[in-house]
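Presented below is the structure to which this report refers.
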Amino acid sequence: MEHSRKVLVVTGPTATGKTALAIRLARRFGGEIVSIDSRQVYRGMDLGTGKDLAEYTSGGLPVPYHLIDIVEPEEEYNLALFVRDAFAAIGDIAARGRLPVLCGGSTLYLDALLRGYDLPGGALPRYVPGVPRERQKGGTPSFQPPFRLEALTIGVYFSRETVRARIEKRLDARLAAGMIEEVRRLHDVGGIGYNRLEFFGLEYREIARYLQGQLTRDEMRAELLNRIRQFAKRQDGFFRKMEREGVIIHWLPAAEADGTAEVLLETFLAGRPLPPPQRRMSDTFYGRKTS
């Protein structure tokens with residue numbers, strides 16, 4: 001595998017505005033979005049997964065997107081299928097002279113693409129720098145990426161306390177917009193069982209419990225807020241792990257993201273050397289939580 005495809009990656013913890021930034025950059029540089037989200041692949045799961053589809057058509061020319069709404073909620077979809085579909089989408093976009101813009105915060109899915117996991121199969125062996133990691137299951141041949149990804153990876157940075165506040169604000173907005181009704185519709189109209197809804201985690205798990213009478217609405221909101229904040233913390237930890245294992249991420253404060261990202265992307269696409277990241281998540285210490 002000698003040839004490569006240049007891609008832009010826009011990532012970061014939940015509720016940091018990744019999609020909006022990725023769409024602005026895609027519109028500016030002739031790109032198309034490839035969603036890196038383990039749940040946005042499912043049809044009808046919109047508010048709970050944060051698809052924000054209106055953003056793709058507002059503010060200018062529509063931006064095409066891929067790997068959103070491609071399977072039904074009752075269908076099985078996993079990392080191995082995602083990697084195959086993502087490489088197919090990236091290859092198609094690049095073949096048409098467009099820029100693939102990978103956007104999302106499903107960290108395992110992103111890491112699998114950037115570092116070329118061989119799939120499918122069981123547990124990965126321990127990471128050793130420079131040694132490919134393989135997931136194998138029985139005698140099933142692993143998926144071999146058809147090309148290498150040459151990526152500029154940009155992360156949207158907010159302080160942890162700001163992320164916590166943004167998560168709460170977004171959660172309340174989505175509840176007000178009908179997220180409970182979305183889950184009820186998936187069950188009552190779509191025929192998706194509560195066990196399956198709980199499998200999707202976070203919003204779908206806690207709202208399914210509420211609809212079954214296991215939680216009051218206030219209990220559901222409090223539990224969900226806590227779980228989403230814990231999820232953002234786990235994302236943060238995975239990004240630190242990726243950096244320690246050699247993935248270069250340019251973390252940009254949100255207020256500077258647009259301008260700095262454009263300069264970095266112009267430099268990257270021109271084939272010029274990129275400056276080193278000004279911030280590393282793995283070097284950031286938040287201190288003890290005081291409240």
Side-chain angles (χ1 to χ4, degrees), residues 1-12 14 18-19 22 26 31-43 45 49-51 64-96 98-155 199-201 234-235 238-239 241-243 245-249:
M1 182 176 60
E2 298 180 356
H3 59 298
S4 63
R5 298 286 185 272
K6 285 192 172 187
V7 300
L8 169 66
V9 177
V10 180
T11 191
T14 191
K18 300 181 293 293
T19 300
E32 300 184 14
I33 305 292
V34 179
S35 173
I36 311 299
D37 191 289
S38 62
R39 300 187 303 171
Q40 290 188 3
V41 295
Y42 296 105
R43 300 185 184 100
M45 296 172 56
T49 65
K51 288 176 185 173
Y65 56 83
H66 305 261
L67 304 195
I68 294 177
D69 292 340
I70 60 172
V71 295
E72 299 297 334
E74 62 269 26
E75 295 181 59
E76 293 299 324
Y77 197 80
N78 55 38
L79 178 62
L81 293 172
F82 166 80
V83 168
R84 287 162 169 75
D85 290 345
F87 269 102
I90 292 165
D92 172 65
I93 294 166
R96 290 184 282 104
R98 307 276 288 174
L99 174 67
V101 180
L102 283 54
C103 174
S106 290
T107 49
L108 178 63
Y109 282 36
L110 175 60
D111 199 42
L113 288 177
L114 294 183
R115 299 206 286 138
Y117 290 9
D118 289 328
L119 298 163
L124 285 166
R126 183 175 62 86
Y127 173 74
V128 178
V131 177
R133 302 196 293 177
E134 284 195 23
R135 291 177 184 266
Q136 293 286 353
K137 186 173 184 180
T140 305
S142 292
F143 170 74
Q144 298 296 322
F147 46 81
R148 182 175 59 85
L149 297 185
E150 183 182 350
L152 165 62
T153 303
I154 291 172
F199 164 81
F200 293 117
R234 291 195 300 273
Q235 288 177 301
F238 204 106
F239 288 128
K241 174 180 178 292
M242 289 172 68
E243 287 181 325
E245 295 182 354
V247 176
I248 297 174
I249 305 175

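Values below: every heavy atom of this structure, side chains too, minus hydrogens, waters and symmetry copies.
- Here the straight-line distance linking atom CG of Asn78 with atom CZ of Arg84 works out to 8.5 Å at 0.5 Å rounding.
- Shown are Glu243, Lys241, Gln235; of these, the side chain to side chain contact (heavy atoms under 4.5 Å, CB included) with Phe239 is made only by Gln235.
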Test log, rule side chain to side chain donor-acceptor pair (under 3.5 Å), inputs Tyr77 and Asp85: CA-CA 11 Å; Tyr77 197 80; Asp85 290 345; 2.6 Å; yes
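- Two residues are said to be in side-chain contact when any heavy atoms from C-beta on lie closer than 4.5 Å; Thr153 and Thr11 meet this criterion.
- One distance of note links OH of Tyr65 with CD1 of Ile33; it measures 11.5 Å at 0.5 Å rounding.
- Residues Pro145 and Phe87 share a closest heavy-atom pair of CB-CZ, 3.6 Å.
- Note that OG1 of Thr49 and CD1 of Ile68 are 8.0 Å apart. Values are rounded to the nearest 0.5 Å.
- A cation-pi arrangement is absent between Arg39 and Phe200, since the terminal nitrogen or guanidinium carbon is not both under 6.0 Å from the aromatic centre and inside a 45° cone about the axis.
- Here the CD atom belonging to Glu245 is positioned 7.0 Å from the CG atom belonging to Asp111, to the nearest 0.5 angstrom.
- With no hydrogens or angles considered, a side-chain donor-acceptor pair links Gln40 and Ser35 at under 3.5 Å.
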Given Lys51 and Asp69, is the salt bridge (Lys or Arg N to Asp or Glu O under 4.0 Å) satisfied, shown in steps? CA-CA 9 Å; Lys51 288 176 185 173; Asp69 292 340; 2.3 Å; yes
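- Between Phe82 and Tyr109, the angle of the ring planes lies from 30° to 60°, which puts this pair in the tilted group.
- Remark: the backbone N or O of Leu99 is not paired with any side-chain donor or acceptor of Lys6 at under 3.5 angstrom.
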Show the numbers, then the answer: is there a side-chain contact (heavy atoms from CB on, under 4.5 Å) between Cys103 and Thr19? CA-CA 7 Å; Cys103 174; Thr19 300; 4.1 Å; yes
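- Considering only heavy atoms from C-beta on, Val7 stays 4.5 Å or farther from Val101 through its side chain.
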Does the side-chain contact (heavy atoms from CB on, under 4.5 Å) test come out yes or no for Ile154 and Val9, once each step is laid out? CA-CA 6 Å; Ile154 291 172; Val9 177; over 6 Å; no
Evaluate the criterion side-chain contact (heavy atoms from CB on, under 4.5 Å) for residue pair His66 and Ile93; output intermediate values, then yes/no. CA-CA 10 Å; His66 305 261; Ile93 294 166; 3.6 Å; yes
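- Under the 3.5 Å distance criterion, the side-chain polar atoms of Arg43 are matched with a main-chain donor or acceptor of Ile70.
- By the 4.5 Å heavy-atom criterion applied to side chains, Arg115 and Met242 are not counted as neighbours.
- The shortest non-hydrogen separation linking Gly31 to Pro64 is O-CD, 4.3 Å.
- Of all non-hydrogen atoms in Ala112 and Leu79, the two that sit nearest each other are CB-CD1, 3.8 Å.
- Atoms CD1 and NZ, from Ile36 and Lys18 in turn, are 11.5 Å apart once rounded to the nearest 0.5 Å.
- Contact of the Leu102 side chain with the Leu113 side chain is registered, since non-hydrogen atoms from C-beta on lie closer than 4.5 Å.
- A donor-acceptor pair is defined here as one N or O able to donate and one able to accept, closer than 3.5 Å; such a pair exists between the side chain of Ser106 and the backbone of Ser38.
- No side-chain heavy atom of Pro100 sits less than 4.5 Å from a side-chain heavy atom of Glu32.
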